[in-house]
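The basis for the numbers below is simple: all heavy atoms, side chains too, and nothing from hydrogens, waters or symmetry mates. Each ligand, and each atom within it, is numbered from 1 in the order the structure gives.
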Amino acid sequence: MIDPLSLLLDVQNLSVSFRRYQRGLAQTNLNVISDLSLTARAGEILAVAGASGSGKSLLAHAILGLLPANAMLSGVMRYDGQPLNAVRQKQLCGSEIALIPQSVTYLDPLMRVGDQARGAEKSAERMERQREVFRRLELPLPSERLYPFQLSGGMARRVLFSTAIISDARLIIADEPTPGMHLSQAMEALSILRELADAGKAVILITHDVDLALNVADQIAVFYAGTTLEETPAADFAAGPDALRHPYSRALWRALPQNGFEPIPGFQPYPEALPDGCLFGPRCELKTAACEQETPPMRTVRGGKVRCVHAA
Ligand code: SF4
């Protein structure tokens, strides 16, 4: 049961497609996200986990209004109880909602990184907070006076991370924040996200690394081919396959190193070639004729949500 007071971001039935021109003026629409729903609550970390190409980063860009002009959206997004439309996205992005992007090109090449991390606020407290975060992420003090081109890739990623978490944002969307960091730095970065959530912020942690997410997440949304197949308390993922509801989530669990490193046969379908019915059908050992009739709707099962006709 969702506490309505803590619900900060509510995405319902989001679909995203890109209009493409083929030969001449012929147009086609490429569906990259279909009927996707999720919620982010103050005080919690929602990990969005899935393979590359499952639509995780596109979701972040859709929330922030950063999709290219040929993108078409349907569905409902609400932030703090109000519709999250283009006007509000412009108002909130960078202030109420902060993104930790994947690409270090988001850093301003002409600004010292300490100034970027502190943002517009010049108070002594903000300076102190920036230095504390830099120290925790093993960015030496003199690095605050450097420009982005003077940093290694790993340092630049840690500066990007610092910039979002030092801000006053209430919702932080971290898009694969840890690649390029040493394990100790990655664990420190995750523990900072945990502290922020414990202080009342909402965090969406986008990652392909379920194992890493399990260290800090409260909820896990399992993405596949542009939609959510399961939303589960992280505790169920840690408990093992019997606690999970979807065959793909169970396969992800078995693919973890400590659980046998069992590969998942087959591959995720491309947006141009989605199967009829269940998107996981071609890889699912439990498939029946019923699975091909329509895309299974999301339904509530054992305290989580699942998109599988046979989940019980
Ligand atoms: S709906 Fe059918 S094919 Fe899809 S995951 Fe469930 S059992 Fe497998």
Side-chain angles (χ1 to χ4, degrees), residues 11-17 29-39 46-59 74-75 204-211 213-214 217-312:
V11 177
Q12 295 298 327
N13 310 114
L14 177 72
S15 294
V16 177
S17 59
N29 291 331
L30 186 66
N31 295 322
V32 289
I33 289 181
S34 310
D35 195 22
L36 185 153
S37 300
L38 58 78
T39 51
L46 168 70
V48 171
S52 297
S54 58
K56 308 185 301 292
S57 294
L58 283 172
L59 168 69
S74 64
I204 297 178
L205 171 61
I206 293 173
T207 180
H208 65 277
D209 191 338
V210 179
D211 221 7
L214 282 174
D218 298 287
Q219 300 283 330
I220 295 189
V222 177
F223 266 36
Y224 185 80
T227 197
T228 330
L229 295 185
E230 178 164 357
E231 274 182 65
T232 174
D236 289 357
F237 225 106
D242 291 346
L244 296 169
R245 300 152 194 84
H246 198 282
Y248 180 56
S249 308
R250 293 196 282 268
L252 279 180
W253 186 91
R254 287 192 291 269
L256 295 175
Q258 67 274 30
N259 300 330
F261 228 158
E262 217 177 280
I264 307 171
F267 53 87
Q268 179 175 248
Y270 294 111
E272 302 91 325
L274 296 178
D276 290 334
C278 175
L279 295 174
F280 189 62
R283 304 172 76 179
C284 183
E285 292 176 347
L286 305 177
K287 187 170 92 171
T288 65
C291 306
E292 292 181 337
Q293 284 169 7
E294 61 170 358
T295 306
M298 205 68 163
R299 50 196 187 89
T300 301
V301 172
R302 289 186 275 119
K305 289 185 178 169
V306 64
R307 201 183 283 282
C308 170
V309 293
H310 296 304

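- Across every non-hydrogen atom of Ser37 and Gln12, the tightest pair is OG-OE1, 3.4 Å.
- Below the 2.8 Å limit, atom 8 (Fe) of ligand 1 has as protein N, O or S neighbours Cys284 SG.
- The structure places SG of Cys284 at 12.0 Å from CG of Leu279, a figure rounded to the nearest 0.5 Å.
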Please set out all donor-acceptor pairs under 3.5 angstrom arising from side-chain atoms of residues 291-299, sequence neighbours excluded.
{"residue": "Glu292", "atom": "OE2", "partner": "Lys287", "partner atom": "NZ", "Å": "3.0"}
{"residue": "Arg299", "atom": "NE", "partner": "Cys308", "partner atom": "O", "Å": "3.4"}
{"residue": "Arg299", "atom": "NH2", "partner": "Cys308", "partner atom": "O", "Å": "2.9"}
{"residue": "Arg299", "atom": "NH2", "partner": "Val309", "partner atom": "O", "Å": "3.4"}
{"residue": "Arg299", "atom": "NH2", "partner": "Ala311", "partner atom": "O", "Å": "2.7"}

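- In this structure Asp211 satisfies the side chain to side chain donor-acceptor pair (under 3.5 Å) test together with Gln258, sequence neighbours excluded.
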Would you give me the side-chain donor-acceptor pairs under 3.5 Å for residues 234-248, sequence neighbours excluded?
{"residue": "Asp236", "atom": "OD2", "partner": "Arg245", "partner atom": "NH2", "Å": "2.5"}
{"residue": "Arg245", "atom": "NE", "partner": "Val301", "partner atom": "O", "Å": "2.7"}
{"residue": "Arg245", "atom": "NH1", "partner": "Glu230", "partner atom": "OE2", "Å": "2.8"}
{"residue": "Arg245", "atom": "NH1", "partner": "Thr232", "partner atom": "OG1", "Å": "3.0"}
{"residue": "Arg245", "atom": "NH2", "partner": "Arg302", "partner atom": "O", "Å": "2.9"}
{"residue": "His246", "atom": "ND1", "partner": "Tyr248", "partner atom": "N", "Å": "2.9"}
{"residue": "His246", "atom": "NE2", "partner": "Arg307", "partner atom": "O", "Å": "3.2"}

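- Residue Asn13 places its CG atom among more than 12 non-hydrogen atoms of other residues, nucleotides or ligands, all under 6.0 Å distant.
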